[in-house]
There are 2 protein chains.
Amino acid sequence: MSNTNLKKLAEELGLSISSVSKALRDSYEISAETKKRVLAMAEKMNYQPNPFASSLRRKKSVTIAVVIPEIANNFFALALDGIQMVAQQKGYHLLTYLTHEDYKNEEATIRHLQGGRVDGVLISLCRDTESIHHLVSLHETGIPMVFFDRVPEQMDCPTVTTDDYESGFKATEHLINAGCKKIACLSLSNYLSITHKRMKGYEDALKKHAIKLDPKLVIQCNNDNENNLNLIKNMLSAKKDRPDGIFATVEKLAISTYYVCNDIKLKIPQQIKIISFSNLRTASLLSPSLSTITQPAFEIGKESASLLFRMIEKKTFGNRIDKIVLKSSLIERNSSK
Amino acid sequence: MSNTNLKKLAEELGLSISSVSKALRDSYEISAETKKRVLAMAEKMNYQPNPFASSLRRKKSVTIAVVIPEIANNFFALALDGIQMVAQQKGYHLLTYLTHEDYKNEEATIRHLQGGRVDGVLISLCRDTESIHHLVSLHETGIPMVFFDRVPEQMDCPTVTTDDYESGFKATEHLINAGCKKIACLSLSNYLSITHKRMKGYEDALKKHAIKLDPKLVIQCNNDNENNLNLIKNMLSAKKDRPDGIFATVEKLAISTYYVCNDIKLKIPQQIKIISFSNLRTASLLSPSLSTITQPAFEIGKESASLLFRMIEKKTFGNRIDKIVLKSSLIERNSSK
DNA sequence: ATTGGCTACGAAAAGGTTTTCGTAGAATAA
DNA sequence: TTATTCTACGAAAACCTTTTCGTAGCCAAT
């Protein structure tokens, strides 16, 4: 154990603990010579400050938390990458929590964070987060919080999102322009505002092109892959009213659709066209290549973290609530040709 | 801020701080009635213990660190998922560090961890980690450490790996059996033991089938995607001595190879067959579907974390050094048909 | 000659929890 | 009755760092 602490350093140097501390923090109260001696000895004895003593005293953990539904997910992996980059640059540590799309986990995690373990929190909600009392409760402690992508609708909190309504609209219109008449929508959640917005875009695009929305074509999926495969398979196996286009609001549902189409020999894009929200790096290598709405996931992470640090660093926290909206891009590929 | 601490609780209850502390920790010294009163008041005042004071006093952070090269990588994302699962189950927090394949970052991170911020460390080395002095230094502090997948060769430390030699051998033999005569090997690092092992398998498979190893077909890639694309393109564009098979030791190099083949109109698998280490969930949906050696990434994470917790919990840390080896599976698909 | 200011440092408190060591009172044993 | 043992709690130290408040000595200004 690296057992050198200020006390031992001070003894070795014939100084007081406080002087050593000040020297190490480069205080003006300490002479240049003494500072040099202290630094040298600290180096020699491999002094590492005790982070807990420091945090206890300064009421600052130099740590932020990120709470996301899952990590084996291209979007969140990229977002975390962006977050980590900013955190590292700021010299902050990053505590990572996964809710696995389970509200209980989210609640427990948020409650834990009330203890003051971190200086700020980045959150993307899980699919079945309906009540937000835990978030409100955390917010009331005064800790800086930023939501990204999956944000709560009813809270007055800074958020970083993408243009979900427009993206949903464009994606649907893109399928309509490609000739689709019956477009299904695959959704992951009833509660999330991103789902609402994406689906509102879907609805409005249908309306604009005078296509009646068929509720049977709006599929509520969940986090159980088997179940989703069955739902999709049932829909695509139907003799009549089989859709000729699919708008998947999340990547994994597009993947599932590909599997189902392979399974039941449905030709993409001849028999059914697909477009999906996705950050898959291999989208263009799929068979057929997948048309995507691609969110700037890395930038979302970067922006969220930057915003959070602005809040952390600003003593007088601004009364203006930041709502940053980035743009996704629609990339046409063969699945919707 | 949740400003209730033991002191305030004690005042409110007319008890001493120590009694409240003991009551909350369910000490035998406190009567059942008093405990009930304390718990009720703690609940009422929304008491959250200060983690830093606790850590400082108990010399225990209830936190582990995981140090990985990158997170936007299917293997590491899955491994982290496994790690997080075990950590959460144990009630531990997870500090995540990304080195971005940069040795300087790895060094700095490891040095930071010497401060005692965590109770244990999980590490997968970055591609250019040659010197291990920083790891030795951390190890000397006595902190439990477990390496996974990318492990150092010269250290006496617990590791969790896969059967890399056998996998490299099988992959190469698979290509040979598919008719390949000139098999290239794409490697990411000169230093990592997993690369050495995978390539030794490659060499031995060639040897077994009396194929001479052509050093020009062993490509050292790096972390620069452009560069890798060029290296691969150059090799595949050659008039003579163009390989008819490719063994990619990491997923991203297989992806790059797919892009190059698309670019220069080289037909997979007719003109060139490919097999790669990969945890891509869409491997079977690629065009053509990609033959893979798939590591049990999630299990690697789970095993590593479990092993680490055994070390953390065992006061008398065992003198036996665990070296866990899991099996990868070779999945034949169309890219090597 | 007094005051004020500066430099360079030290003593001590504060931060919140855990743990060790008491101890007062009651109950039991001798 | 006296000695011993529990029971239930409190005082205080310890964990290590940071920060506030001194202060001794020296120089410059009034």
Side-chain angles (χ1 to χ4, degrees), chain A residues 1-39 41-42 45-63 91 93 112 114-119 141 315, chain B residues 1-39 41-42 45-63 93 112 114-119 141:
Chain A
M1 279 157 260
S2 171
N3 262 337
T4 41
N5 52 22
L6 285 183
K7 192 173 170 187
K8 289 188 187 166
L9 267 183
E11 275 169 12
E12 206 70 27
L13 287 158
L15 286 169
S16 76
I17 291 178
S18 44
S19 297
V20 177
S21 173
K22 286 173 192 167
L24 290 172
R25 322 202 94 250
D26 201 28
S27 160
Y28 68 95
E29 295 179 68
I30 305 298
S31 72
E33 282 175 85
T34 307
K35 277 179 191 167
K36 219 183 285 177
R37 278 182 58 222
V38 173
L39 264 323
M41 183 61 77
M45 296 180 68
N46 190 27
Y47 170 73
Q48 302 283 350
N50 181 311
F52 307 117
S54 179
S55 290
L56 178 59
R57 182 63 235 245
R58 307 178 63 191
K59 292 178 174 297
K60 205 124 188 349
S61 62
V62 209
T63 305
H93 300 261
H112 227 113
Q114 311 229 69
R117 187 176 293 271
V118 294
D119 299 339
T141 67
K315 285 88 192 154
Chain B
M1 277 157 260
S2 172
N3 263 337
T4 42
N5 53 22
L6 285 183
K7 193 172 170 187
K8 289 188 187 166
L9 266 183
E11 276 168 13
E12 206 70 25
L13 286 157
L15 286 170
S16 75
I17 291 177
S18 43
S19 296
V20 177
S21 173
K22 285 174 193 165
L24 289 172
R25 322 202 95 249
D26 202 28
S27 159
Y28 68 96
E29 293 180 70
I30 305 298
S31 72
E33 283 175 84
T34 307
K35 278 180 191 168
K36 220 182 284 178
R37 277 182 60 223
V38 172
L39 263 324
M41 183 61 76
M45 299 180 66
N46 191 27
Y47 169 72
Q48 301 283 352
N50 182 309
F52 307 118
S54 182
S55 289
L56 177 59
R57 181 60 233 242
R58 306 177 63 192
K59 291 175 175 299
K60 204 129 187 351
S61 63
V62 207
T63 305
H93 301 261
H112 228 114
Q114 309 228 72
R117 187 175 292 271
V118 295
D119 299 339
T141 68

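Just so we're on the same page: letters track the sequence lines, and every chain starts at 1.
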Under 4.0 Å between a side-chain N/O of A:Lys7 and OP1 or OP2 of D:dC15, yes or no?
no
Validation: residues 6-13 of chain B side-chain donor-acceptor distances under 3.5 Å, sequence neighbours left out:
unit_1: B:Lys8; atom_1: NZ; unit_2: B:Asn3; atom_2: O; d: 3.1

At the 4.0 Å heavy-atom cut-off to chain A, mark where contacts on DNA chain C begin and end, going 5' to 3'.
C:dA8 to C:dG16
Using five base pairs at each end to define the local axes, how bent is the helix from C:dA1-D:dT30 to C:dA30-D:dT1, to the nearest 10°?
60°
Near DNA chain D, under 4.0 Å by heavy atom, which residues of residues 12-23 of chain A?
A:Ile17, A:Ser18, A:Ser21, A:Lys22
In whole Å, what is the span from the CD atom of A:Glu29 to the P atom of D:dA24?
17 Å
Between B:Ile30 and A:Leu6, name the one whose nearest nucleotide on DNA chain D is closer to the 5' end.
B:Ile30
Can you tell me how far the CE atom of B:Met45 sits from the CG atom of B:Asn5, to the nearest 0.5 Å?
8.5 Å
Check side-chain hydrogen bond (donor to acceptor under 3.5 Å, both in side chains) between B:Ser61 and all other residues, then give those that pass, not counting sequence neighbours.
B:Asp119
Pick base, sugar-phosphate or nothing for B:Ser55, based on heavy-atom distances below 4.0 Å to the nucleic acid.
nothing
State whether the number of non-hydrogen atoms from other residues, nucleotides or ligands found under 6.0 Å of A:Lys60 atom NZ is greater than 12.
yes
Sequence neighbours left out, what passes side-chain hydrogen bond (donor to acceptor under 3.5 Å, both in side chains) with A:Lys59? Give chain and number order.
none
